[in-house]
Enquirer: 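Pasting in a structure now, in structure tokens, and then I'll have a few things to ask.
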Number of protein chains: 2
Amino acid sequence: MGAVTIKHVAKEAGVSLQTVSRVVNNGPNVTDAMRERVRAAIDKLGYVPNMAARRMGGSKSYLLVAFNDRKPTLEKWRAGRGSDWVAQMLLGAIPRCERDGYHLLLELLDGHSAKLHQKIDAIISSLRPDGVILTPPHSQDRSIIDQLEHRKVPYARLSPGEDDERGFRVRMDERQAAVMATRHLLDLGHRRIGFLTGSAEYAVSTERLEGFRAAMADAGAAIAPEWVRQGEFSFESGIASADALFALRGPPTAIIASSDEQALAVLHRAKDMGLDVPADLSLISFDDTPPIAFSLPPLTAIRHPTAAMAERAAALLIEGHGLDMPPSPPCTLPFELVVRGSTVPPRR
Amino acid sequence: MGAVTIKHVAKEAGVSLQTVSRVVNNGPNVTDAMRERVRAAIDKLGYVPNMAARRMGGSKSYLLVAFNDRKPTLEKWRAGRGSDWVAQMLLGAIPRCERDGYHLLLELLDGHSAKLHQKIDAIISSLRPDGVILTPPHSQDRSIIDQLEHRKVPYARLSPGEDDERGFRVRMDERQAAVMATRHLLDLGHRRIGFLTGSAEYAVSTERLEGFRAAMADAGAAIAPEWVRQGEFSFESGIASADALFALRGPPTAIIASSDEQALAVLHRAKDMGLDVPADLSLISFDDTPPIAFSLPPLTAIRHPTAAMAERAAALLIEGHGLDMPPSPPCTLPFELVVRGSTVPPRR
DNA sequence: CTGAAAGCGCTTACAG
DNA sequence: CTGAAAGCGCTTACAG
């Protein structure tokens, strides 16, 4: 049994518990000699502080909780469609947490449950995390933010909406990304461009659509109303939108999808219709999850800096002074337009 | 501040702390009336026990730790190749943990680090998890098992090796899967079948190769030594093996890859060489991660029951009596041969 | 069936 | 710069 406690170390080093605690926590007012002596005892005994006891004593919990939307997360994992949003989040956050002895706990939140707030309260009460990472769409949910503020739990919001400035905010410029994607197509000579929106409850959906509209307006290119398909991020939604667009009398020569799944769906339907991508139809997708690079053709896509955003969120929570900080400006991370084989000039 | 403690509940209900604790933990010897009274107080106050305090008091930690190999995990996430092993593990384990109020902590272990055991000790000492889920290759590491036994931490091993019977073991029949894959090709008429092995430190690599050899022997089909390529699970290894096989005077008409990445690599090289899959070359892959189903052609593959295995591991740890149990027989979960478009009869 | 006491392993004020 | 005391919020024996 690894029952090495602070007492054992104190005895070994011939000092008080208090001094050991100071050394462990890099406290001030310790002689170098004393510090060395205690360190030696710690190493000899292989002492590691018990988190639960630490927490009980009144220190941090060294726990960060990441809330993810339950249904889409489980569905994506189950469908095996390769969306690796959560993996990218872990990739960014876990190593950052490790650096400072923190642990990351992934919790699934059911946004449509009446018990949502109850569940959040339970997690806060039982785990007492030092911070919470909020992902979309929860990162835009005022009532959750209210709750976190009330409970005085520091939080960082990934892809926050535009209309609430509270908390740490980490984002990418979705609007600008859509502008860049649209310009890329305009530069290639496209004028008839279709746009598939993401789920309405995600703020990014609106931002992307705005960017598209702005870029088209800038170029003096008109947008026929039927070119914009309201939809969701899902494959199924992509299928429906693709069918609608392909059925038009003058169908678009290019399509911007708001998610990789949508784009993959368009690719599938295009093939079914005998349309060649990119010869007959150019296609750009948002997010750049794995299947996109492996598809045939590989798709041009906006790469979402999910890992970098999660890392930043963890860093802000670990380093930050939490709720004492005034609302700071959002931290905007760079995205990238990855040009692959799915975008070429239109046929005529 | 959600400072609702057991004391508040006790006062509200007019009983002792002890009684509240009994109700919370479904202890025996409580009147129904008393139970109701306490429950009402708990609901009214929104009381949720503090985990750290619970743990300190001597109860379970309600924490399960899953150890994953650091380097391949991070590399895969970084490369964005869509291997979703970890996601599948989370998909299986997290909901199972939630059911009983447990939390799953994902920890990355550096197998090649001199401090491996130190790190494990630190995690056990600081977190005091109620159980550990071991994934390959750690699930076959005797020294880790020794350490866990010594520390008396219950553990479940995913894809354990054959030569160590300790702990809970959850596996799929890798050998049989290879047999089935091989038979599928034999049934189609293939006799010249290439086999790409996985990384040597993974027990499954050996098991799969054995299955292949056994099935071939059963069918009276000889295996030329050069058809078996020792390699790793990586894309790069797949490229090298593919090149070696394609360079043979009488190249195989079919290839079994030990991982999806290898298979994808073979597919890429085949295209480069002007070989058509499946017309010129049939291809089967192991694991069935997302890009495999989206590739062109979609690949026939052995689907690995990762999520089911993780769920079972969590269940065994949560329900199990841990180390008091005698070594039980391994729990073998069913796999599946998913036949897609990459396997057809050989040309001649 | 219910309650008062001790203790888990730390940290935070408070002395010296 | 170092130490003795109190307390965090629970649970586990132990009484009654």
Side-chain angles (χ1 to χ4, degrees), chain A residues 1-39 41-42 45-63 101 121-122 124-130, chain B residues 1-39 41-42 45-63 101 121-122 124-130:
Chain A
M1 303 298 298
V4 179
T5 72
I6 198 172
K7 268 190 186 168
H8 298 119
V9 177
K11 194 175 170 195
E12 171 76 24
V15 298
S16 70
L17 306 187
Q18 164 64 315
T19 300
V20 177
S21 177
R22 273 195 198 94
V23 172
V24 168
N25 296 294
N26 294 312
N29 304 335
V30 189
T31 334
D32 281 353
M34 176 63 42
R35 190 181 302 279
E36 278 323 299
R37 186 139 61 98
V38 174
R39 286 249 168 84
I42 288 174
L45 267 32
Y47 169 69
V48 180
N50 177 320
M51 289 278 227
R54 238 172 157 176
R55 170 71 229 172
M56 284 303 293
S59 99
K60 296 184 287 195
S61 63
Y62 290 93
L63 226 48
D121 255 327
I124 294 174
S125 295
S126 65
L127 264 15
R128 303 273 154 171
D130 295 332
Chain B
M1 305 295 299
V4 179
T5 74
I6 198 172
K7 268 189 185 167
H8 300 119
V9 178
K11 193 175 170 196
E12 172 76 25
V15 297
S16 70
L17 306 187
Q18 165 65 312
T19 300
V20 178
S21 178
R22 272 196 198 95
V23 172
V24 169
N25 296 294
N26 293 313
N29 304 334
V30 189
T31 334
D32 280 352
M34 176 63 45
R35 191 180 302 279
E36 279 321 302
R37 188 140 60 98
V38 174
R39 286 248 167 85
I42 288 175
L45 268 31
Y47 169 69
V48 181
N50 176 320
M51 288 279 225
R54 239 172 157 175
R55 169 71 229 172
M56 284 303 293
S59 99
K60 297 184 286 195
S61 64
Y62 290 94
L63 226 47
D121 255 327
I124 295 174
S125 296
S126 64
L127 264 14
R128 304 274 154 171
D130 295 332

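What's counted below: heavy atoms across the whole structure, side chains too, no hydrogens, waters or symmetry copies. Computed from a predicted structure; not experimentally measured. A note on names: the letters A, B, ... follow the listed sequences, proteins ahead of strands, and every chain is numbered from 1.
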Enquirer: Between C:dG9 atom C1' and A:Leu45 atom CG, what is the distance in whole Å?
Expert: 15 Å
Enquirer: Using modelled atom types and a 3.5 Å cut-off, is there a donor and acceptor pairing between side-chain atoms of B:Ser21 and backbone atoms of B:Leu17?
Expert: no
Enquirer: Any side-chain N or O of A:Tyr47 under 4.0 Å from OP1/OP2 of C:dC10?
Expert: yes
Enquirer: Does A:Thr31 put a side-chain nitrogen or oxygen below 4.0 Å from OP1 or OP2 of D:dT2?
Expert: yes
Enquirer: So B:Glu12 and B:Tyr47, side chain to side chain contact (heavy atoms under 4.5 Å, CB included) or not? Walk me through it.
Expert: CA-CA 11 Å; B:Glu12 172 76 25; B:Tyr47 169 69; over 6 Å; no
Enquirer: Rounded to whole angstrom units, what separation is found between the CE atom of B:Met51 and the P atom of C:dC10?
Expert: 19 Å
Enquirer: Without swapping roles, check the side chain of B:Thr31 against the backbone of B:Ala33 for a donor-acceptor pair under 3.5 Å.
Expert: no
Enquirer: Between C:dG3 and B:Arg22, counting only base atoms on the nucleotide and side-chain atoms on the residue, is there a donor-acceptor pair under 3.5 Å?
Expert: yes
Enquirer: Could you check which nucleotide pairs with D:dA4 in any of the strands shown, counting Watson-Crick or G-U wobble with both distances under 3.5 Å?
Expert: none
Enquirer: Name the closest nucleotide to the B:Thr19 side chain, picking from C:dG3, D:dG9, C:dG9.
Expert: C:dG3
Enquirer: Would you mind classifying the nucleic acid contact of B:Asn29 as base, sugar-phosphate or nothing, using non-hydrogen atoms under 4.0 angstrom?
Expert: base
Enquirer: Any strand is fair game: report the nucleotide pairing with C:dA13 by Watson-Crick or G-U wobble, both distances under 3.5 Å, or none.
Expert: none
Enquirer: Round to the nearest Å and state the distance from A:Lys60 atom NZ to C:dT12 atom P.
Expert: 10 Å
Enquirer: Is it true that a side-chain atom of A:Arg37 and a backbone atom of A:Ala13 form a donor plus acceptor pair closer than 3.5 Å?
Expert: yes
Enquirer: Does A:Ser61 use its side chain to pair, donor to acceptor, with the backbone of A:Arg128 at less than 3.5 Å?
Expert: yes
Enquirer: Which whole-number value in Å describes the distance from A:Arg55 CZ to D:dG9 P?
Expert: 9 Å
Enquirer: Rounded to whole Å, how long is the line connecting atom CG of B:Asn25 with atom C1' of D:dG9?
Expert: 13 Å
Enquirer: Starting at CG of A:Leu17 and ending at C1' of D:dA6, how long is that distance when rounded to a whole Å?
Expert: 13 Å
Enquirer: Nearest-Å distance, NZ (A:Lys7) to P (D:dG3)?
Expert: 16 Å
Enquirer: Please give, in whole Å, the distance from D:dC8 P to B:Met56 CE?
Expert: 13 Å
Enquirer: Please pick, from D:dG9, C:dT12, D:dT11, the nucleotide with the shortest atom-to-atom distance to any side-chain atom of B:Arg54.
Expert: D:dT11
